[in-house]
K.L.:
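Sharing a structure, written as structure tokens. Questions coming.
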Amino acid sequence: MKKIVSIISIVILILICININSSKAEDFKLDYTETTETFNNPERGFYTPVYIKYTENNNKVIGENEAKKNLIHLRLDIGQFSKAINGKKDIELTQDMLNSFNQTLKKIKENGGTTIVRFAYTYEGDKNKEPSIDMILTHIKQLCPIFTENQDVISYIELGFFGPWGEMHTSDVCTQENVAKALDVMLNNTPEKIKIGVRQPKYYTYWAGIERDKLSENVTTLGTKEYRVGLYNDGYLGSESDLGTFNNRNLEIKWLEKQANHTLYGGEVVANYASGTPLNTVKYMSEEAFKTHTTYLNEIYNDKVLETWKNEKYEGEDQLYKGKNGYTYIANHLGYRYVIRKANIQNKVEQGKKINVELNIENVGFANLINSKIVTIVFSKNDKIYEVKTKIDPTKWESKQTTKLQFEVDVPEELVDGNWNIYLRISQYGNLKIDNNYQCIRFANEGQMWNQDIGANYIGNTTVIKKAEENENKVENNIITNIVNDVTDNTEKNITNDNNNIVEDNLISNTIKDNNEQNNVEKKDNLENSTTDTVTNNSSASINNVVENTNIKMADNTTSKVIYPHTGNDAFTIIKVLIAIFILISIYIYINSFIWCH
């Protein structure tokens, strides 16, 4: 009997040690419930206004506390460079001023924020304080290189320059012709990525050469200058015309409904000047903001209206917010707001193979994500992290729509066997190792899905098993030639085996066209490359990326890399296992001594 007890004790010790040595990744539970929690996300929400007045010399950069805000509205006063203000003559912007502005943008980025930029020659309500139109255009040209250099931190440029507060009124120089000239200079000297807003639709229609009463018929296309131009509205919901912003509200909002899908729209809510039913209410905004795709508003103005929202109960159709205050509803819905509604991940996968992922993501916000971001898949286990780039485009996840994604991701061969957590990460640069989680997007799900340390959203886990042994002939016959091609919506994508012409089983049918047969022939024997496709809405795609030290050219000439931010925990794990074994053996000796003594 004593021998049996001893044998059982030894078996228990071995099993405990094995369990310690094969630690699993933490298993979070997915929660598809939308939260009402208010939190920051890049380039959306209530902004913090920051006023800076520039002079010829001794300019300062934004303050430390102000630079730490999530979304900053820079109100930049350059009146000292206008004769109407300095009393001498119109002058060009000085290098000191330009350097100060440049450093302000960099400081905002260092603190993890983004900014909306507006220049004006007075923020005190005085009229006719601008320099000549020629000097205005010169100032814009001087600023454009700084806009270009700091484009990642600039969410939107409100054209400004004309009128008090840059609101394009009460100024002799603020003609449609002059605004059109300024808009052209700005568009011609900044990257296509940067969107630019004008104060009223009339400035857009004059510049674009279309009749204002036919604005609702105007549809812009990617790659054109028109595609980049939007509105900003500092008379937001103040009256039937938003204090002169709109000429025909219904018609012009129909245009915004399309144009603001890819340009930011927002401004300042104002007091009620409507002749009839007030528009600046939670009830009205909660309906119209889905049409205008409102992304940002001033957090301090109009303070009385904002206070009313905080005391007003939400009574709209969204049952989740019933009984909550209206301010919370609006704050949470400005811009985009993503909720994972479904996540299916293949529960077991072999090292170096592809893993199937299926996601349903709903955008419950008023608007779309406007500026592009990089989506990556992160594999995490203990302190080891691997990041794989994809071609998923989150700007296509439209407001009030649920986007279904079905795709495959290559599992790096370096992943040790065991259980791995999987995260979806949306960021500006897609490089967890060095990007400081800049502009990472959090999903609005309940539970523990958000990982602050890596700036990513948990979507499930999988068990990685060791790679099966394969002989050389089998490998040669089953390598799929690397194909990198753009895939458009509503087309078929088939990935075929070059030798056997076999279609991948796990893809929803879509066609990938090979435009370079010679390159494919040359890459047949290259085992380090993998198949990569563009993922678009309403379709699924294979998103296959790269293992350690391997770069693959993507459709946009970027590369995909696996990153190892933390890999130095192995020695520490071994020490812990040895200590545990020592303690268990000591307990075992004590127990057996007790048994044999009795």
Side-chain angles (χ1 to χ4, degrees), residues 44-47 116 156 158 195 197-202 204 212-213 215-219 230-299 301-302 304-322 324-337 362-370 398-401:
R44 57 152 302 279
F46 281 103
Y47 68 71
I116 298 165
Y156 197 39
E158 295 176 347
K195 308 301 195 312
V198 294
R199 180 62 186 84
Q200 297 168 264
K202 70 177 182 180
Y204 172 80
R212 190 168 181 177
D213 60 1
L215 180 60
S216 61
E217 302 172 12
N218 178 249
V219 178
L231 294 184
Y232 62 97
N233 186 354
D234 282 359
Y236 193 81
L237 303 183
S239 67
E240 288 82 359
S241 66
D242 281 7
L243 304 186
T245 300
F246 300 114
N247 184 41
N248 182 328
R249 187 182 195 92
N250 291 333
L251 181 147
E252 290 168 351
I253 283 179
K254 285 182 180 179
W255 172 74
L256 262 182
E257 204 165 354
K258 296 169 289 186
Q259 190 72 2
N261 267 325
H262 46 81
T263 61
L264 270 71
Y265 175 72
E268 289 180 339
V269 66
V270 295
N272 175 44
Y273 293 93
S275 57
T277 304
L279 278 64
N280 61 356
T281 63
V282 172
K283 183 179 186 301
Y284 186 88
M285 183 179 172
S286 65
E287 296 173 1
E288 186 183 81
F290 280 108
K291 298 178 182 178
T292 59
H293 304 304
T294 305
T295 290
Y296 65 94
L297 289 175
N298 192 336
E299 69 177 4
Y301 190 84
N302 181 290
K304 292 181 180 180
V305 176
L306 298 178
E307 191 63 30
T308 300
W309 288 356
K310 292 176 182 178
N311 295 321
E312 180 182 347
K313 297 295 183 183
Y314 172 79
E315 298 296 340
E317 296 180 357
D318 193 334
Q319 296 299 316
L320 186 65
Y321 285 86
K322 285 284 188 182
K324 297 188 180 298
N325 72 69
Y327 183 89
T328 298
Y329 178 85
I330 291 171
N332 288 354
H333 288 80
L334 287 172
Y336 60 88
R337 186 174 175 90
E362 183 180 5
N363 181 0
V364 299
F366 293 143
N368 299 346
L369 172 67
I370 302 302
E398 295 190 352
S399 171
K400 298 187 77 173
Q401 299 294 324

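If you read the sequence from its start, that first residue is 1, and numbering goes on from there. Nothing here was measured: the structure is a model prediction, and the numbers come from that model.
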K.L.:
Distance from R199 atom CZ to Y232 atom OH, nearest 0.5 Å?
P.N.:
7.0 Å
K.L.:
Nearest 0.5 Å, what's the OG-CH2 distance between S286 and W309?
P.N.:
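It comes to 10.5 Å.
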K.L.:
Side chains of N368 and H262: closer than 4.5 Å at any heavy-atom pair?
P.N.:
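A side-chain contact is absent here, since even the closest heavy-atom pair is not under 4.5 Å.
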K.L.:
What do you reckon, are the aromatic ring centroids of W255 and Y204 less than 6.0 Å apart?
P.N.:
yes
K.L.:
How close do L320 and K324 get, heavy atom to heavy atom, and via which atoms?
P.N.:
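The answer is O-CE, 3.8 Å.
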K.L.:
Could you label the plane-to-plane angle of the F366 and H333 rings as parallel, tilted or perpendicular, counting under 30° as parallel and over 60° as perpendicular?
P.N.:
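Plane angle between 30° and 60°, so tilted.
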K.L.:
How long is the straight-line distance from CZ of R44 back to OG1 of T295, given to the nearest 0.5 Å?
P.N.:
8.5 Å
K.L.:
Answer yes or no: is there a side-chain heavy-atom contact under 4.5 Å between S399 and Y336?
P.N.:
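No. Closest side-chain heavy atoms not under 4.5 Å.
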K.L.:
Is it true that a side-chain atom of E158 and a backbone atom of L231 form a donor plus acceptor pair closer than 3.5 Å?
P.N.:
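No, E158 side chain to L231 backbone: no donor-acceptor pair under 3.5 Å.
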K.L.:
Is the backbone of R337 close enough, under 3.5 Å, to the side chain of N363 for a donor and an acceptor to pair up by distance?
P.N.:
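Pair found, side chain donor or acceptor close to backbone of R337.
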K.L.:
Tell me whether K322 contacts the main-chain N or O of G316 through its side chain, where contact means a donor paired with an acceptor under 3.5 Å.
P.N.:
yes
K.L.:
Do Y156 and Y296 come close enough that some side-chain heavy atom pair is under 4.5 Å?
P.N.:
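Sidechains of Y296 and Y156: in contact.
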K.L.:
Could you tell me whether the side chain of E312 reaches within less than 4.5 Å of the side chain of N325, counting heavy atoms only?
P.N.:
no
K.L.:
For L279 and A274, which heavy atoms make the closest approach, and how far apart are they?
P.N.:
CD1-CB, 4.3 Å
K.L.:
Please confirm whether the ring centroid of Y327 lies under 6.0 Å from the ring centroid of F46.
P.N.:
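They qualify: ring centres under 6.0 Å apart.
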K.L.:
Heavy atoms, side chains only, cut-off 4.5 Å: are Y265 and L256 in contact?
P.N.:
yes
K.L.:
Do V270 and Y301 have side chains that get closer than 4.5 Å, going by heavy atoms?
P.N.:
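A side-chain contact under 4.5 Å exists here.
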K.L.:
Is atom CZ of F290 surrounded by more than 12 heavy atoms (other residues, nucleotides or ligands) closer than 6.0 Å?
P.N.:
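Buried by this count: over 12 neighbours within 6.0 Å.
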K.L.:
On a heavy-atom basis, which atom in N332 and which in Y321 lie closest, and how many Å separate them?
P.N.:
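Smallest heavy-atom distance, with atoms named: ND2-OH, 2.9 Å.
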K.L.:
Side chain to side chain contact (heavy atoms under 4.5 Å, CB included) between L297 and M285: does it pass, once the steps are laid out?
P.N.:
CA-CA 12 Å; L297 289 175; M285 183 179 172; 3.6 Å; yes
K.L.:
Rounded to the nearest 0.5 Å, what separation is found between the NZ atom of K195 and the CG atom of L264?
P.N.:
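Rounded to the nearest 0.5 Å, the NZ-CG separation comes out at 8.5 Å.
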K.L.:
When rounded to the nearest 0.5 angstrom, what is the spacing between OG1 in T328 and NZ in K313?
P.N.:
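Those atoms lie 9.0 Å apart.
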K.L.:
Taking the side chain as every heavy atom from C-beta outward, state whether Y284 and P278 have any pair of such atoms under 4.5 Å apart.
P.N.:
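No, side chains not in contact.
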K.L.:
Keeping to residues at least two apart or across chains, list the salt bridge (charged side-chain N to carboxylate O under 4.0 Å, His left out) pairs with something in residues 261-272.
P.N.:
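Residue pairs passing salt bridge (charged side-chain N to carboxylate O under 4.0 Å, His left out), neighbours aside: R75-E268.
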K.L.:
If the test is side chain to side chain donor-acceptor pair (under 3.5 Å), which one of N280, T294, N298, N302 qualifies with Y236?
P.N.:
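Going through the options one by one, the only one that passes is T294.
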K.L.:
Filter on salt bridge (charged side-chain N to carboxylate O under 4.0 Å, His left out), then keep only pairs touching residues 245-258, sequence neighbours left out; what's left?
P.N.:
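Of all non-adjacent pairs touching residues 245-258, those that pass salt bridge (charged side-chain N to carboxylate O under 4.0 Å, His left out) are R212-E252, D242-R249, R249-E288.
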K.L.:
Drop me the distance from K400's NZ to H293's NE2, to the nearest 0.5 angstrom.
P.N.:
10.0 Å
K.L.:
Report the C-alpha distance between N311 and T308 in whole Å, list the side-chain angles of each, state the deciding distance to 0.1 Å, and finish with yes or no for side chain to side chain donor-acceptor pair (under 3.5 Å).
P.N.:
CA-CA 5 Å; N311 295 321; T308 300; over 6 Å; no
K.L.:
Who are the side-chain contact (heavy atoms from CB on, under 4.5 Å) partners of E287, not counting sequence neighbours?
P.N.:
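side-chain contact (heavy atoms from CB on, under 4.5 Å) list for E287, sorted by chain: K283.
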K.L.:
Compare every heavy atom of P201 with every heavy atom of T245, then report the nearest pair and how far apart it is.
P.N.:
O-CD, 3.1 Å
